Amino acid sequence: MMKNWLKRYLQLDKDIESADYLKKITSKFILLLAFILLFFLVFANFIYSNTATFYLTFSLFLVMSGVFFLPSSLRKYASHIVLHLLALGVLMVVYLNRGQEYTPIWSFLYILLVVSLYGHKAGLKISIVYLMTLLVLLFSFTGITLTMMEFVRFTMVSLFMLFFTYLVEMLISRTLEKLITAKNMLEKLTKMDALTGLFNRRHFDEMLSQQMSSANRGQELLALAILDIDHFKKYNDSFGHPAGDIALVALANLLKAQMRRGNDAAFRLGGEEFALIYQVKNEESALKLIEGVREAVEKLDQHCTINQRITVSVGLLLINTTQGVSVKKAYELADQSLYQAKYFGRNRVVTTSIQADNTKLSACI
């Protein structure tokens, strides 16, 4: 039970999406550790009647409790405030105890946390400033409550601790960066068609759902076009599959060039079937764009090294996203329009519009 709560609180079950992943975990850990630590210190100092340290730790506990009342815009700095308050508390306890009772070793915890929270570069600078302040304070007690040898030993251990923490954090940071880069590349590869460089069918299903939601928020018409190269089997049989691949790549490059807006997306669904998703203001602009694509495909052989002229049949679905049509239904309707385009003679667009109360099919020849 406790293990599951801690896992959820620290978000250990979340995927590593950025280099800030470790910093987010550290931030949550600092808040948890600070309150647990201060609670036990307050309790222990009360039991052992250490009055000065009790009031100090109790005051810190009350001040840190105030982070829960910070405005939402400042709450992201809560862990930073708590961490530095703890560091200040350590300095004050060291002063009250005159460097005795092993109080300086709490500074090691601060160094570990500050380097993890701020990164190895900024964390190193902050740690050096803090450590120098602590060493100056401890040096003032040499010959009184500390021997010079004790001071030298603590200084050497502190510097080693600082260097080792910096080194480990630097290695963790570099490893995380490489991991995230590899993860992003892998995710990109799973979404791309290897031959054409367009998005694949898997990403098409994801993107269509996202675009339908986006168009609904923007109150725009969503256009889904399914394209199929006419008589492509005959083309492959005549010129061979390598020539067919060249034609597929040429068509893919044309689609990339035509779909240049931010919300435009082009996909290869499989074989010679492609898809386009784009948002438009009205039916006329949707049809104009896809007709421009169809006409450009007719002239593709004039600009690319393909064996002969190719054409495409297109099923165009115009989705009024307020009607709540499903992704599966949208694809089925667009696919039906594609077969209508082939039935009417190929090299043409057939449009299906989803309206408020019915589905209307019209052929644009």
Side-chain angles (χ1 to χ4, degrees), residues 186 188-208 211 223-260 264-278 286-318 327-352 361-365:
L186 183 61
K188 186 177 179 181
L189 288 173
T190 61
K191 296 177 180 179
M192 306 299 290
D193 175 65
L195 176 64
T196 62
L198 296 179
F199 293 125
N200 59 19
R201 176 59 189 266
R202 176 184 175 184
H203 192 51
F204 168 78
D205 295 331
E206 298 171 355
M207 184 71 79
L208 181 56
Q211 289 278 39
L224 166 61
I226 307 294
L227 302 82
D228 191 86
I229 301 176
D230 297 324
H231 303 296
F232 191 65
K233 185 179 183 304
K234 184 178 178 182
Y235 187 98
N236 274 334
D237 292 341
S238 300
F239 304 107
H241 287 281
D245 289 346
I246 292 172
L248 291 172
V249 172
L251 176 56
N253 291 335
L254 171 64
L255 297 179
K256 291 177 189 175
Q258 293 284 335
M259 309 299 285
R260 294 187 298 267
D264 294 347
F267 309 83
R268 183 187 178 202
L269 302 183
E272 65 269 28
E273 189 172 81
F274 295 80
L276 304 177
I277 300 175
Y278 55 100
L287 189 57
K288 181 179 179 181
L289 189 151
I290 199 62
E291 279 288 358
V293 170
R294 186 190 63 78
E295 291 172 1
V297 174
E298 286 185 305
K299 302 172 184 176
L300 195 58
D301 61 313
Q302 300 175 15
H303 310 286
C304 301
T305 54
I306 58 176
N307 293 75
Q308 70 177 31
R309 173 176 172 266
I310 61 173
T311 61
V312 290
S313 299
V314 184
L316 176 64
L317 176 67
L318 302 174
V327 171
K328 182 180 179 181
K329 184 64 175 177
Y331 176 78
E332 288 175 355
L333 291 172
D335 197 49
Q336 288 172 15
S337 297
L338 170 62
Y339 280 98
Q340 288 287 334
K342 289 187 175 293
Y343 176 79
F344 287 139
R346 305 179 191 272
N347 191 22
R348 65 198 65 226
V349 178
V350 169
T351 305
T352 302
L361 186 67
S362 60
C364 301
I365 301 174

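Since we're looking at a predicted model, the values are computed, not measured.
Atom OG1 of Thr352 sits about 8.0 Å away from atom CD of Gln340, to the nearest 0.5 Å. Atom CG of Leu186 sits about 11.0 Å away from atom NZ of Lys191, to the nearest 0.5 Å. Note that CG of Leu269 is 5.0 Å distant from CD1 of Ile226, once rounded to the nearest 0.5 Å. In this structure, Met207 CE and Ile277 CD1 are separated by 7.0 Å, a value rounded to the nearest 0.5 Å. Rounded to the nearest 0.5 Å, atoms CZ (Phe274) and CG (Leu254) are 10.0 Å apart. Rounded to the nearest 0.5 Å, atoms CZ (Phe199) and OG1 (Thr190) are 10.5 Å apart.
Using a cutoff of 4.0 Å between basic side-chain nitrogens and carboxylate oxygens, Glu291 and Lys288 are not scored as salt-bridged. Ion pairing of Asp230 with Lys342 is present here, as a side-chain N (NZ or NE/NH1/NH2) and a carboxylate O approach within less than 4.0 Å.
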Practice prompt. Kindly indicate, with the supporting measurements, whether the criterion side chain to side chain contact (heavy atoms under 4.5 Å, CB included) is fulfilled by Leu251 and Thr196.
Written response: CA-CA 9 Å; Leu251 176 56; Thr196 62; over 6 Å; no
Discussion item. Walk me through whether Thr311 and Arg348 qualify under side chain to side chain contact (heavy atoms under 4.5 Å, CB included).
Written reply: CA-CA 9 Å; Thr311 61; Arg348 65 198 65 226; over 6 Å; no
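What you find for Ile290 and Ala225 is that their closest heavy atoms are CD1-CB, 3.7 Å. Between Leu208 and Leu224, the closest heavy-atom pair is CD2-CD2, 4.2 Å. The two atoms that bring Ala341 and Val314 nearest to each other are CB-O, 3.6 Å, heavy atoms only. Considering every non-hydrogen atom in both Leu316 and Ala223, the closest pair reads CD1-CB, 4.0 Å. What you find for Gly244 and Asn236 is that their closest heavy atoms are CA-OD1, 3.2 Å. Considering all non-hydrogen atoms of both residues, Ser313 and Leu338 come closest at O-CD1, 3.2 Å.
Side-chain contact between Leu195 and Arg268 is present, with heavy atoms from C-beta onward closer than 4.5 Å. Between Tyr235 and Glu272, the closest side-chain pair of non-hydrogen atoms is not below 4.5 Å. Contact check for Val297 versus Ile310: side-chain heavy atoms found under the 4.5 Å cut-off. For the pair Val293 and Leu227, the minimum side-chain heavy-atom distance is below 4.5 Å.
With a 6.0 Å cutoff to the six-membered ring centre and a 45° limit on the axis angle, Arg346 does not count as a cation-pi contact of Phe232.
Evaluation of the salt bridge (charged side-chain N to carboxylate O under 4.0 Å, His left out) test over residues 237-251, restricted to residues two or more places apart or in two chains, returns Lys233-Asp237.
Remark: Glu295 pairs with no residue by the side chain to side chain donor-acceptor pair (under 3.5 Å) rule, at least two apart or across chains.
Using bins of under 30°, 30° to 60° and over 60° for the plane-to-plane angle, the ring pair Phe204/Tyr331 lands in the perpendicular bin.
Counting non-hydrogen atoms of other residues, nucleotides and ligands closer than 6.0 Å to CZ of Arg202 gives a total of 12 or fewer. With a 6.0 Å radius and a threshold of 12 heavy atoms from other residues, nucleotides or ligands, Lys329 has its NZ atom at or below the threshold.
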